[in-house]
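Okay, so here's the structure we're looking at.
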Amino acid sequence: MSRETSEIYDLAAKKWVRHRQESLSDFTGRPALFDACGDVAGQHILDLGCGEGYCARIFAERGAQKIEGIDISKKMVSEAELAASGDRCQSFQSGDITKLPYDNEEFDLAVGCFVYNYLSIDEMCESFAEVRRVLKNSGKFIFCVPHPAFPFIRLEKDPPFFFDFGSKGYFSARDQNTQGKIWRRDNQSLPVEMHHKLISDYFSKLAEVGFSKMPLVRELGVDEDLMRFDNSFFGPLFDIPLHMLFSVQKN
């Protein structure tokens with residue numbers, strides 16, 4: 001993850017702050033991640049790429065014993081600390097998720113909500129190894145990423161979500177980075193990046209670091225309920241794969 005990424009998020013930190021569902025992925029991605037986590041009461045959770053603490057606050061509301069967040073953007077961490085309002089079960093620090101500052105077998109659950117799209121394939125592999133190191137035996141690792149096919153299916157550079165790989169294709173763009181935008185329902189746009197990986201890269205790198213069980217995988221997008229809720233906002237993305245969710249257990 002580059003220094004430029006941290007600068008982008010330092011500048012946009014205030015726009016990311018929210019206390020209810022606002023951005024597209026708050027509706028199309030994060031609810032599936034929360035569902036996959038199940039009952040988190042009493043758990044020690046690592047929030048990778050915690051941003052301004054949106055997911056951490058949800059986990060705290062659901063009874064997690066302790067949530068520790070790490071993010072490359074110091075301004076995002078500051079916003080997370082401010083929003084936590086002294087809640088002692090939530091703590092945050094700025095750092096690199098390829099070099100986690102935590103003890104071995106410390107966490108019951110590790111989550112990464114749209115963070116691995118900012119890492120190269122090699123960096124992602126380093127982070128996967130670190131996550132496995134800090135997870136307890138039988139601990140779960142659950143993460144969401146933009147669907148690898150999405151930028152090559154939806155070529156329009158329009159709201160509410162896009163990445164621009166130019167003339168590159170699904171295979172030729174492998175391990176290359178590009179910029180994009182995702183929108184909030186109040187029409188504010190937010191900067192996002194995608195370091196493209198093939199679907200097979202996620203499987204192979206999880207296996208390479210020792211996650212030997214087959215991951216559970218979900219492909220996520222706009223459903224009929226979201227269309228009924230706000231057709232004008234979600235409509236341009238209906239029937240398009242937006243995200244992928246992976247859930248794997250350490251054994």
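Just so it is clear, the structure is predicted and the values come from calculations on it, not from any experiment.
- Here the CE-CG distance, from Met76 to Asp71, works out to 6.0 Å after rounding to the nearest 0.5 Å.
- Remark: Glu79 engages Lys14 in a side-chain hydrogen bond (donor to acceptor under 3.5 Å, both in side chains) (not counting sequence neighbours).
- Linking ILVMFWY side-chain heavy atoms closer than 4.5 Å, directly or via other members, places Phe27 and Val17 in two distinct hydrophobic clusters.
- Ring centroid separation for the pair Phe163 and His196 does not come in under the 6.0 Å cut-off.
- In the hydrophobic clustering of ILVMFWY residues, with side-chain heavy atoms under 4.5 Å counting as a link, Val77 and Leu11 come out apart.
- Here Tyr118 and Tyr9 bring their ring centres to under 6.0 angstrom of each other.
- For Asp175, the side-chain hydrogen bond (donor to acceptor under 3.5 Å, both in side chains) test picks out His195, with sequence neighbours left out.
- If you run ring pair (Phe, Tyr, Trp, His ring centres under 6.0 Å) between Phe128 and each of Phe143, Tyr202, Phe203, only Phe143 comes through.
- At least one side-chain heavy atom of Pro31 sits under 4.5 Å from a side-chain heavy atom of Gln21.
- By the 4.5 Å heavy-atom criterion applied to side chains, Glu68 and Phe92 are not counted as neighbours.
- We find the CG-SG distance between Asp47 and Cys55 to be 5.5 Å, quoted to the nearest 0.5 Å.
- With hydrogens and angles disregarded, a donor-acceptor distance shorter than 3.5 Å links the side chain of Asp26 to the backbone of Ser23.
- Between Gln179 and Ile8 the shortest side-chain heavy-atom distance falls below 4.5 Å.
- To the nearest 0.5 Å, atoms CD (Glu130) and CG (Leu48) are separated by 10.5 Å.
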Mind listing the side-chain donor-acceptor pairs of residues 232-249 below 3.5 Å, one per line with the distance, residues two or more places apart or on another chain?
from   : atom 1 : to     : atom 2 : distance (Å)
Ser232 : OG     : Asp230 : OD1    : 3.0
His243 : NE2    : Thr28  : OG1    : 2.7
Gln249 : NE2    : Ser138 : O      : 2.9

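- For Thr98 and Asp96, the side-chain atoms include at least one donor-acceptor pair closer than 3.5 Å.
- Each of Pro160, Pro191, Ser189, Ser25 was compared with Ile182 under the side-chain contact (heavy atoms from CB on, under 4.5 Å) criterion, and only Ser25 meets it.
- The pair Glu52-Arg18 counts as a salt bridge, with a side-chain nitrogen and a carboxylate oxygen less than 4.0 angstrom apart.
- Heavy atoms only, all atoms of each residue included: Lys250 and Leu135 are closest at NZ-O, 2.7 Å.
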When the side chains of residues 110-117 are checked against the rest of the protein, which donor-acceptor pairs come out under 3.5 Å, sequence neighbours left out?
from   : atom 1 : to     : atom 2 : distance (Å)
Tyr116 : OH     : Ser127 : OG     : 2.8
Asn117 : OD1    : Val115 : N      : 3.4
Asn117 : ND2    : Glu193 : O      : 2.9

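- Between the side chains of Thr178 and Asp164, no donor-acceptor pair is found at a separation under 3.5 Å.
- Applying the ring-ring contact (aromatic ring centres under 6.0 Å, His included) test to pairs two or more places apart or on separate chains, those with a residue in residues 47-86 are Phe34-Phe59.
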Which atom pairs, donor and acceptor, lie under 3.5 Å between side-chain atoms of residues 206-217 and protein residues at least two apart or in another chain?
from   : atom 1 : to     : atom 2 : distance (Å)
Glu208 : OE1    : Lys205 : NZ     : 3.1
Ser212 : OG     : Asn251 : OD1    : 3.1
Ser212 : OG     : Asn251 : ND2    : 2.9

Does the side-chain contact (heavy atoms from CB on, under 4.5 Å) test come out yes or no for Ile72 and Ile97, once each step is laid out? CA-CA 8 Å; Ile72 197 170; Ile97 66 170; over 6 Å; no
